[in-house]
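Ligands are counted one by one from 1 in listed order, and the atoms in each one are counted from 1 as well. All values below were derived from every heavy atom in this structure, side-chain atoms included, with hydrogens, water molecules and symmetry-related copies excluded.
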Amino acid sequence: MIKEENKNIIAIDGPAGAGKGTLTKKLCEYYGFAGLDTGSLYRAITLCLIEIGHDMEHLDEKFATETAQKLSDTHEILTYAKNPNIRSQLTNKYVANVAKIPELRAIMRKYQIDFALFPPNLPDGRKAKGAIIEGRDIGTVICPNAPIKFYITATAEARASRRLKEYLDRGESASYQEVLASIIKRDETDSHRASSPLKQADDAILINTSENNKEQTFEIAKKIIDERFKIILT
Ligand code: DC
């Protein structure tokens, strides 16, 4: 039997720390959609490379790509993606270099498209009503035909403050200036790489979260989704 492809796809892109992850979780819970944090896939590969002792200062792109293929084939990528260390400062430092390898991105692309078209059931076993894919190139490359695309952003300063709080909450020590510098460096790498750079799709709706709390951002997005999906979701 041919499974029917899901068409209720929401693409969410934007730079690090803009609030994409929180928004995705809240929207998935509210609408009964399955969510994919695509950054966690690149982070999982990075963490695996760190754990096996690869020299991250001199990244071997061929080896990184082979590792990504293996992790993806064995589904081990999902286990790594659940490891809290994917959000450590060390992983943050190297993930953008891993994510810019074109062959490695091609492997991850297939996984993401499959998720969007055939979302898995929700954690409570219900069938997902749609999929929210969150990342950097979702509206531009992975799901260019998604009926709703958001580009979530905030000033580098607001994003650095949020990241600093995350580190301190995790018990890691960090300074605001260090975190800000790291965010600016990662924006630079993500936006200027040759393969699928971070870019707002022409038809994406821009939400600047610098002055918003989580609830306000959720309400803005919900209003737009309700209008666009009025027929589908009722
Ligand atoms: O969203 P995040 O901070 O977890 O992303 C981690 C890194 O992965 C970041 O450097 C950008 C990269 N990334 C990407 O290149 N493409 C995606 N779709 C998602 C993340």
Q) Do you reckon L180 sits in the same ILVMFWY cluster as V95, going by side-chain contacts under 4.5 Å, direct or chained? A) no

(Q) Would M108 count as a contact residue for ligand 1, given that I'm defining contact as a non-hydrogen atom of the residue lying under 4.0 Å from a ligand atom? (A) no

Q. Counting both backbone and side chain atoms, is some N or O of S40 under 3.5 Å from an N or O of ligand 1?
A. no

Q: Compute the shortest N/O to N/O distance between T38 and ligand 1 and return yes if it is under 3.5 Å, no if not.
A: yes

Q: Evaluate the side-chain proximity of T38 to M108: yes if any heavy-atom separation is below 4.5 Å, no if none is.
A: no

Q) Are side-chain heavy atoms of L59 and H54 found at a separation under 4.5 Å? A) yes

(Q) For atom 20 (C) of ligand 1, what's the nearest protein heavy-atom neighbour? Residue, atom name and distance, please. (A) G39 CA, 3.5 Å

Q: Please name all residues satisfying side-chain contact (heavy atoms from CB on, under 4.5 Å) with N121, sequence neighbours left out, ordered by chain then number.
A: K127

Q | ligand 1-proximal atoms of R105, by part, heavy-atom distance under 4.0 Å | A | side chain

Q: Flag the pair D13 and R136 as a salt bridge only when some basic side-chain nitrogen lies within less than 4.0 angstrom of an acidic carboxylate oxygen.
A: no

(Q) Starting from atom 10 (O) of ligand 1, what is the nearest protein heavy atom, named by residue and atom, and what distance separates them? (A) D190 OD1, 3.1 Å

Q.
Show me which atoms of ligand 1 lie under 4.0 Å from any heavy atom of A96.
A. 10 (O)

Q) Are R105 and D137 side-chain neighbours, meaning at least one heavy-atom pair lies under 4.5 Å? A) yes

(Q) Assess, by modelled atom type and distance only, whether the side chains of E157 and Y176 contain a donor and an acceptor separated by less than 3.5 Å. (A) no

(Q) Give me the nearest non-hydrogen protein atom to atom 1 (O) of ligand 1 as residue plus atom name, then the distance to 0.1 Å. (A) R136 NH1, 2.8 Å

Q. Any idea which protein heavy atom is nearest atom 3 (O) of ligand 1, and the distance to it?
A. R43 NH2, 3.0 Å

Q) Among all residues two or more places apart in sequence or in another chain, which pass the ring pair (Phe, Tyr, Trp, His ring centres under 6.0 Å) test with Y30? A) F218

Q) Identify the closest protein heavy atom to atom 12 (C) of ligand 1: which residue and atom is it, and at what distance? A) A99 CB, 3.7 Å

Q: List every atom of ligand 1 that sits less than 4.0 Å from any heavy atom of R193, numbering the atoms from 1 in the order shown and giving each element.
A: 14 (C), 15 (O), 16 (N)

Q | Closest candidate by heavy atom, reference atom 6 (C) of ligand 1, pool R87, R186, Q112 | A | R186

